[in-house]
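A quick note: this is a predicted structure, and the numbers were derived from the prediction, not measured. Lettering of chains follows the sequences in order, A, B, ..., and the numbering in each one begins at 1.
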Amino acid sequence: MNLFEHFRRDVIAIVGDLAASGVLPAGLDTARVAVEPPRESSHGDIAVNAAMVLAKAAGMKPRDLATAIASRLEALPTVRQAEVAGPGFINLRIANAFWHERLAEILRTGPAYGDSTMGGSRPVNVEFVSANPTGPMHVGHGRGAVVGDALAALLAKAGFQVTREYYINDAGGQIDVLARSAHLRYREALGEKIGDIPEGLYPGDYLVAVGKTIAGRDLDRWLDAPETEWLPHFRNETTAAMLALIREDLAALGVSFDVYTSEKALIAAGKVDEALAELDSRGLIYRAILEPPKGKTPEDWEPRPQTLFRATQFGDDVDRPLRKSDGSWTYFASDIAYHLDKFRRGSATMIDVWGADHGGYVTRMQAAVKAITDGKATLDVKLCQMIHLMDGGEPVKMSKRSGSFVTLREVIDEVGRDAVRFIMLTRRNDAHLDFDLKKVLEQSRDNPVFYVQYAHARIRSVLRHAADTFPTIDVSPQALANTPMDRLTDEAEIDLIKTLAGWPRMVEQAAEAHEPHRVAYYLNDVAAHFHALWNKGRDDTSLRFLLTEDLGLTAARLALISGVAIIIESGLGVFGVTPAEEMR
RNA sequence: GCGCCCGUAGCUCAGCUGGAUAGAGCACGAGCCUUCUAAGCUUGGGGUCGCAGGUUCGAGUCCUGCCGGGCGCGCCA
């Protein structure tokens, strides 16, 4: 339970008492009572809106009701002061002893601090990356990978049962293109001069190795064979090779999945037919000719009858096609089956992480999920905006056409996995992200990766130093948890503990909003509080962490900074980033 | 033309799901190293939250309409 929930229960109990003693009417609805941190920290530690929310039903003026509740809150041992302010807020100042106990709790719990039962072990399926197996991952895919992985970790920490899933789009026309591109490389491997890669085929040289491998094993078996004979073979070989490539990229990023689902296998198992029959039986499929898009009619527009899903019944603007004219399923059709499959495997909560260029696809997919699961499942789609790759302020050119686009792997090799992961999470997913290769490696306040890591490294450095200088102090968190904390009385110290104690609520709120980037801002805040405290010891030597003449206070301060290290470790854990022991 | 996303300090962005006097970094001004790492800290100025209405005790946050930018728009995935 986070600490705000703790005090909310106190408030609700007091409202109940007041009702029992006749001051308030019985049966007041307390659902809207909020106990939160005030925006302005000078207002105290905790703000309670109960009086404003209940005043009307209680037939009292908000401020009068607030006064009644506040006087009872102030009687609690954990509350130092309860003050009525503004239109009827109750601002609480919490006793230091309460904060000291939170610090001890952090030390006892370790990086598991912040783990929540909010999710109640409910299953959540997070599908992310799902890059087509047609080449190595580029930086845009990397953002989806990091956002999805961190969101999954965050949800797990918040108590959900999370499945990380990758959907392999190995069934569409792009796979034929891939296979033909590989066949060309195969011919090249057998000595043929192939010249420029023709328009419409994948030019990337990552296919050279595939061609060589097949040539080495099958020799000239596919050289003069008709395409119908070699195409299936090349499809299988090449998608397998590309998937291996992608898995290597993911491994370099430290991302792994619980489930890989193949679109091709899904179709082969008849699941698409099954799902669409399901929709058909509900009268949600029909044949008709769609109107051309208003205003901008495509060049080659010609009216033709199509098999359509009644997406408009579920909030979409137009009904959406399910079959291509050759009779095969559209991507949308198999995606419907895929989401039904995820639902049937037990996840009524689904989250998809997509690139922003798929934005136009969200509504129809949500409509389909609603239709196929009878509204029993929800689909949230996180759209990841584009990344502007920069190098010292200059944009790095990315041209997919030439096949020389910047791969995720190149960026990881350049700046390291941890930096890539952290920077990808310093923006909301739906905002454009400037990723500057130089700035990420810069050691300055301006670089959030460095700033947070530096705080952790400083703490580790102090703890190492303490172990040398004060052999009588056991610097393990378990031992420090038993240190009397009441020596921590400076405002900056208490402020720091308050920030640390906010971690459980941060986890719950970020998880509920599906917004892992909030953790990055929180960690930056924790680091800022810590660096500020560190520097206070410069002006006032009595505020330093290590004091030869006062072992008790030294131990308490070591407890404090160990708590900071634990929270940073816990937060970076959500991001899959390793905390730094020292800066180099 | 339609749909979705975005618009907050000179720049890059937060803003805890409707709370109180709108925040941080960079940049600019002024300070702090015989010290556990100055790779840091303290402090000052800087705002019509794109514009105009609306909802209510209260709106950067919700609704409507404009303006500006991005993405997408029938057998690509």
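- Distance A/K382 NZ to B/C4 C1': 14 Å, rounded to the nearest Å.
- An anti base is found at B/C13: its glycosidic angle is more than 90° from 0.
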N/O contacts under 3.5 Å, protein versus nucleotides 56-60 of chain B?
residue : atom : partner : partner atom : Å
B/G60   : O6   : A/R39   : NH1          : 2.3
B/G60   : O6   : A/R39   : NH2          : 3.3

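- In summary, A/K439 and A/E442 do not engage in a salt bridge, as defined by a charged side-chain N under 4.0 Å from a carboxylate O.
- Contacts of A/Q453 with the nucleic acid, taken as non-hydrogen atoms under 4.0 Å apart, are absent.
- Map A/A431 and A/G537 each onto its nearest nucleotide of RNA chain B; the residue landing nearer the 5' end is A/A431.
- Screening A/R320, A/R287, A/K324 against A/T307 for a side-chain hydrogen bond (donor to acceptor under 3.5 Å, both in side chains) leaves a single residue, A/R287.
- Side-chain proximity of A/Y521 to the nucleotides B/G40, B/A14, B/G74 is greatest for B/A14.
- Within the nucleic acid shown, A/N91 comes within 4.0 Å of at least one base atom, counting heavy atoms only.
- For the OP1/OP2 pair of B/C13 and a distance below 4.0 Å, the side-chain nitrogens and oxygens of A/R428 include no atom meeting the criterion.
- Taking atom CG of A/D540 as the reference point, atom C1' of B/C36 lies 15 Å away to the nearest angstrom.
- In the set B/C26, B/C41, B/C13, B/C26 carries the atom at the smallest distance from any side-chain atom of A/D446.
- Between A/F309 and A/F332, the two ring planes are tilted [angle within 30° to 60°].
- Using a 4.0 Å heavy-atom cutoff across all strands shown, A/E36 reaches sugar-phosphate atoms only and no base atom.
- A/R445 has its CZ atom 20 Å from the P atom of B/U37, to the nearest Å.
- At least one side-chain nitrogen or oxygen of A/W534 sits closer than 4.0 Å to the OP1 or OP2 atom of B/A38.
- Interatomic distance, CD1 of A/I568 versus OH of A/Y454, reported as 12.5 Å (0.5 Å rounding).
- Taking the ring axis of A/Y451 as reference, the NZ or CZ atom of A/R445 stays within 45° of it and closer than 6.0 Å to the ring centre.
- Counting only heavy atoms from C-beta on, A/D317 has its side chain closest to B/G3 among B/U42, B/U17, B/G3.
- For A/Y331, counting side-chain heavy atoms from C-beta on, the closest listed nucleotide (B/A77, B/A20, B/G40) is B/A77.
- Counting non-hydrogen atoms under 4.0 angstrom, A/R304 reaches a base of the nucleic acid.
- When the nucleotides B/G40, B/U17, B/A77 are ranked by their closest atom to the side chain of A/N132, B/A77 comes out on top.
- Atom P of nucleotide B/C41 and atom CG of A/L533 are separated by 12 Å, given to the nearest angstrom.
- With hydrogens and angles ignored, no donor-acceptor pair under 3.5 angstrom links the side chain of A/N49 to the base of B/A20.
- A/L546 comes within contact range of at least one nucleobase, with a heavy-atom separation under 4.0 Å.
- Residue contacts for A/H43: at a heavy-atom cut-off of 4.0 Å it reaches a base atom on one of the strands shown.
- Contact between the side-chain N/O atoms of A/Y451 and the OP1/OP2 oxygens of B/C41 is found at a separation under 4.0 Å.
- Within the structure, a side-chain polar atom (N or O) of A/H517 is placed less than 4.0 Å from OP1 or OP2 of B/G15.
- Using a 4.0 Å heavy-atom distance criterion, A/E291 is classed as making no nucleic acid contact.
- Residue A/G359 is out of contact with every strand shown, counting any heavy-atom pair closer than 4.0 Å.
- Ionic pairing of A/K536 and A/D490 is present here: one or more N-O contacts between side-chain nitrogen and carboxylate oxygen are shorter than 4.0 angstrom.
- In this structure, of B/C36, B/A20, B/U37, it is B/U37 that holds the atom nearest to the side chain of A/Y454.
- When heavy atoms are screened at a 4.0 angstrom cut-off, A/F332 is found touching no nucleic acid atom at all.
- Here the side chain of A/H531 is nearest to one of B/C32, B/C41, B/C36, namely B/C41.
- Atom-to-atom distance recorded for A/D170:CG and A/L243:CG is 8.0 Å, nearest 0.5 angstrom.
- The side chain of A/R458 contributes an N or O atom lying less than 4.0 Å from OP1 or OP2 of B/A38.
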How far apart are the C-alpha atoms of A/F128 and A/Y166, what are their side-chain angles, what is the distance that settles it, and do they pass the ring-ring contact (aromatic ring centres under 6.0 Å, His included) test? CA-CA 6 Å; A/F128 57 108; A/Y166 188 117; 8.3 Å; no
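- Comparing B/U17, B/G40, B/A20 by their closest approach to the side chain of A/A47 singles out B/A20.
- Cation-pi geometry between A/R310 and A/Y286 is met: the NZ or CZ atom falls under 6.0 Å from the ring centre, inside 45° of the normal.
- Residue A/D357 places its side chain closer to B/G72 than to any other of B/C41, B/G72, B/C5.
- Phosphate proximity of B/U37 to A/S461: present, with a side-chain N or O under 4.0 Å from OP1 or OP2.
- Residue side chain A/H358 reaches the base of B/A77 through a donor-acceptor N/O pair under 3.5 Å, judged by distance alone.
- Here B/G19 presents its P atom at 8 Å from CZ of A/F89, a figure rounded to the nearest Å.
- One can place CZ of A/R518 at 12 Å from C1' of B/U61, the figure rounded to the nearest angstrom.
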Check the pair A/E127 / A/K342 against salt bridge (Lys or Arg N to Asp or Glu O under 4.0 Å), numbers first and verdict last. CA-CA 10 Å; A/E127 182 216 320; A/K342 284 196 276 191; 2.9 Å; yes
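- In this structure, A/A513 reaches the bases: a heavy-atom distance under 4.0 Å links it to at least one base atom across the strands shown.
- When the side-chain nitrogen and oxygen atoms of A/K324 are compared with OP1 and OP2 of B/A77, one or more of them lie within a distance under 4.0 Å.
- When the nearest nucleotides of RNA chain B are assigned to A/S444 and A/E515 by heavy-atom distance, the more 5′-ward of the two goes with A/E515.
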